Visitor: 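Structure provided below as structure tokens; questions to follow.
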Amino acid sequence: MPELPEVEILVRHLAPLIRSQRIRAVLVNRPKVVGPTPVPEFQRALRGATFERVSRRGKYLLFTFCPRRRSGRRVLVGHLGMAGRMYLLPATAPLPKHTAVVLELGRNRFVFEDTRYFGRLTLDTGGVDRLGPEPISDGFTQGNFARALARSGQAIKVRLLDQSLVAGIGNIYASEALFRARISPRLPARRLKPEQIRRLWQAIRATLAEAIRWGSTVALNYSGAGERDGLFYFGRDPDAPDFYEERLRVYDRAGQPCRNCGTPIRRLVQAARSTFYCPKCQV
DNA sequence: CACCATGTTCCTTG
DNA sequence: CCAAGGAACATGGT
């Protein structure tokens, strides 16, 4: 599901719901997702702790909490992987099939559900430490971006997925940003001209910001039995069956007309992942 | 059955 | 040592 915009929307959604909530019990159904933190350590650290803030770094969620007794604060790191979801559920509601972790909050439960168990909810901050700059921040400069690209002969689409180059872009927004910048996904990174780098830098920020804005306007439903399409960019409004298409310009649109020129969008495989692009608009 | 899927990490190859 | 490619992880949808 989740790239930077989706995680940002989720963080904004969760922040007021869990602030000041005390964790009364910690249930770990899938030890793998809290790893490499050992389950007993995970439970000991969180039991009795109180949530303080939620923020985002790249595709990671950062939950700041106050431990039960010791002073200071600590951080719980979340990552949704491919299909993870985090949401509050009434304590009386049944837990979903692929529940990985549950934090009992009293009236509600904080549920981490992940059908594929690729996600994480852990005390280990290793992944976060390796991230590059936030794309929508002063830390992401055209100069740094240009220097990083100059060192690589890898296709630009594949480079954009490297979280140490810039944090938060995934397979969907990599294609979308390149379309917006009118750059071929196959172009080797070091072959981008300064003008293209400038356009791509701008397109990344605009694409992500637009997705966040869009997500902010959509009614969210992260949980709920039978609501398997709750994440907003795969969500569907029953009254507008094609609104998903209106939002993404190239992703998953192979064979459909480019919104600029009408040429059929093409799919290609790079680093074992699908890329979508317009062969006419993107050079 | 075959192939596809929003992500990351580890292993191999050059 | 580094860059690049591919498999693995686990499950579900089409």
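What you see is a predicted model; the values in this text were computed from it and never measured. Letters A, B, ... mirror the listed sequences (proteins, then strands); counts begin at 1.
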Visitor: By the side-chain hydrogen bond (donor to acceptor under 3.5 Å, both in side chains) test, which pairs, at least two apart or in different chains, include something from residues 21-35 of chain A?
Guide: none

Visitor: Filter on side-chain hydrogen bond (donor to acceptor under 3.5 Å, both in side chains), then keep only pairs touching residues 134-144 of chain A, sequence neighbours left out; what's left?
Guide: Arg56(A)-Glu134(A), Arg57(A)-Glu134(A), Thr141(A)-Asn144(A), Asn144(A)-Arg147(A)

Visitor: Please state how far atom CG in Leu131(A) lies from atom P in dG7(B), giving the value in whole angstrom units.
Guide: 13 Å

Visitor: What is the distance from CD1 of Ile156(A) to P of dA4(C), rounded to the nearest Å?
Guide: 12 Å

Visitor: Can you tell me how far CD1 of Ile156(A) sits from CD of Gln154(A), rounded to the nearest 0.5 angstrom?
Guide: 9.5 Å

Visitor: Distance check needed: dA10(C) C1' versus Lys97(A) NZ, whole Å only.
Guide: 12 Å

Visitor: Quick one: is Gln154(A) getting a side-chain N or O under 4.0 Å of the dA3(C) phosphate, OP1 or OP2?
Guide: no

Visitor: For Phe179(A), what residues pass the ring pair (Phe, Tyr, Trp, His ring centres under 6.0 Å) criterion, not counting sequence neighbours?
Guide: none

Visitor: Please list, chain by chain and in numerical order, all residues satisfying ring pair (Phe, Tyr, Trp, His ring centres under 6.0 Å) with Phe51(A), sequence neighbours excluded.
Guide: Phe63(A)

Visitor: OP1 or OP2 of dA4(C) less than 4.0 angstrom from a side-chain nitrogen or oxygen of Arg151(A), does that happen here?
Guide: no

Visitor: With Phe118(A), which residues qualify under ring pair (Phe, Tyr, Trp, His ring centres under 6.0 Å), at least two apart?
Guide: none

Visitor: Tell me whether Thr37(A) contacts the main-chain N or O of Leu123(A) through its side chain, where contact means a donor paired with an acceptor under 3.5 Å.
Guide: yes

Visitor: Could you name each residue pair satisfying salt bridge (Lys or Arg N to Asp or Glu O under 4.0 Å) that touches residues 266-278 of chain A, not counting sequence neighbours?
Guide: none

Visitor: Does anything in residues 116-126 of chain A come within less than 4.0 Å of DNA chain C? Heavy atoms only, and list the residues if so.
Guide: Arg116(A), Tyr117(A), Phe118(A)

Visitor: Any idea which of dG7(B), dA10(C), dG12(C) is nearest the Met82(A) side chain?
Guide: dG7(B)

Visitor: Taking only N and O in the side chain of Ser152(A), is any of them less than 4.0 Å away from OP1 or OP2 of dA4(C)?
Guide: yes

Visitor: I'd like to check the side-chain hydrogen bond (donor to acceptor under 3.5 Å, both in side chains) partners of Asp124(A); sequence neighbours left out, ordered by chain and number.
Guide: none

Visitor: Closer than 4.0 angstrom, basic N to acidic O: yes or no for Arg85(A) and Glu113(A)?
Guide: no

Visitor: Send over the distance from Asp252(A) CG to dG13(C) P, rounded to a whole Å.
Guide: 17 Å

Visitor: Can you see if the side chain of Lys59(A) gets near the phosphate of dT8(B) - specifically, an N or O under 4.0 Å from OP1 or OP2?
Guide: yes

Visitor: Taking atom P in both dG12(C) and dT9(B), compute the distance separating them and give it to the nearest angstrom.
Guide: 24 Å

Visitor: How close or far is atom P of dC9(C) from atom CG of Leu80(A), stated in whole angstroms?
Guide: 22 Å

Visitor: Can you run down the side-chain hydrogen bond (donor to acceptor under 3.5 Å, both in side chains) pairs that involve residues 184-200 of chain A, sequence neighbours left out, and say none if there aren't any?
Guide: Arg186(A)-Tyr277(A), Glu195(A)-Arg198(A)

Visitor: Give me the residues of residues 266-278 of chain A where at least one heavy atom lies under 4.0 Å from an atom of DNA chain B, by number, or none.
Guide: Arg267(A), Arg273(A), Ser274(A)

Visitor: Using atom CG of Leu161(A) as one end and atom C1' of dA5(B) as the other, report the distance to the nearest whole Å.
Guide: 14 Å

Visitor: Among dA10(C), dA5(B), dA4(C), find the nucleotide with the atom closest to the side chain of Tyr251(A).
Guide: dA5(B)

Visitor: Mind checking which stems touch DNA chain C? I mean at least 3 consecutive Watson-Crick or G-U pairs, both distances under 3.5 Å.
Guide: B:2-5 with C:11-14, B:7-14 with C:2-9

Visitor: Whole-Å distance between dG7(B) P and Glu6(A) CD?
Guide: 9 Å

Visitor: Within the pair His79(A) and dT8(B), is there a side-chain N or O less than 4.0 Å away from OP1 or OP2?
Guide: yes

Visitor: Give the rounded distance in Å between these two atoms: CG of Leu165(A) and P of dA3(C).
Guide: 13 Å

Visitor: Heavy atoms under 4.0 Å, any strand shown: does Arg130(A) hit a base, just sugar-phosphate, or nothing?
Guide: sugar-phosphate

Visitor: Among the candidates dT11(C), dA4(C), dG7(B), find the nucleotide nearest to the side-chain atoms of Asn171(A).
Guide: dG7(B)

Visitor: Side chains of residues 157-164 of chain A: which donor-acceptor pairs under 3.5 Å do they make with residues two or more places apart or in other chains?
Guide:
| from | atom 1 | to | atom 2 | distance (Å) |
| --- | --- | --- | --- | --- |
| Lys157(A) | NZ | Asn171(A) | OD1 | 2.7 |
| Lys157(A) | NZ | Thr275(A) | OG1 | 3.1 |
| Arg159(A) | NH1 | Asp162(A) | OD2 | 2.9 |
| Asp162(A) | OD1 | Ser164(A) | N | 2.8 |
| Asp162(A) | OD1 | Ser164(A) | OG | 2.8 |
| Asp162(A) | OD2 | Ser164(A) | OG | 3.4 |
| Gln163(A) | OE1 | Gly168(A) | N | 2.8 |
| Gln163(A) | NE2 | Leu161(A) | O | 3.0 |
| Gln163(A) | NE2 | Ile169(A) | O | 2.9 |

Visitor: State whether Glu8(A) and Arg12(A) are salt-bridged, where the test is any N-O pair (Lys NZ or Arg NE/NH1/NH2 against Asp/Glu carboxylate O) under 4.0 Å.
Guide: yes

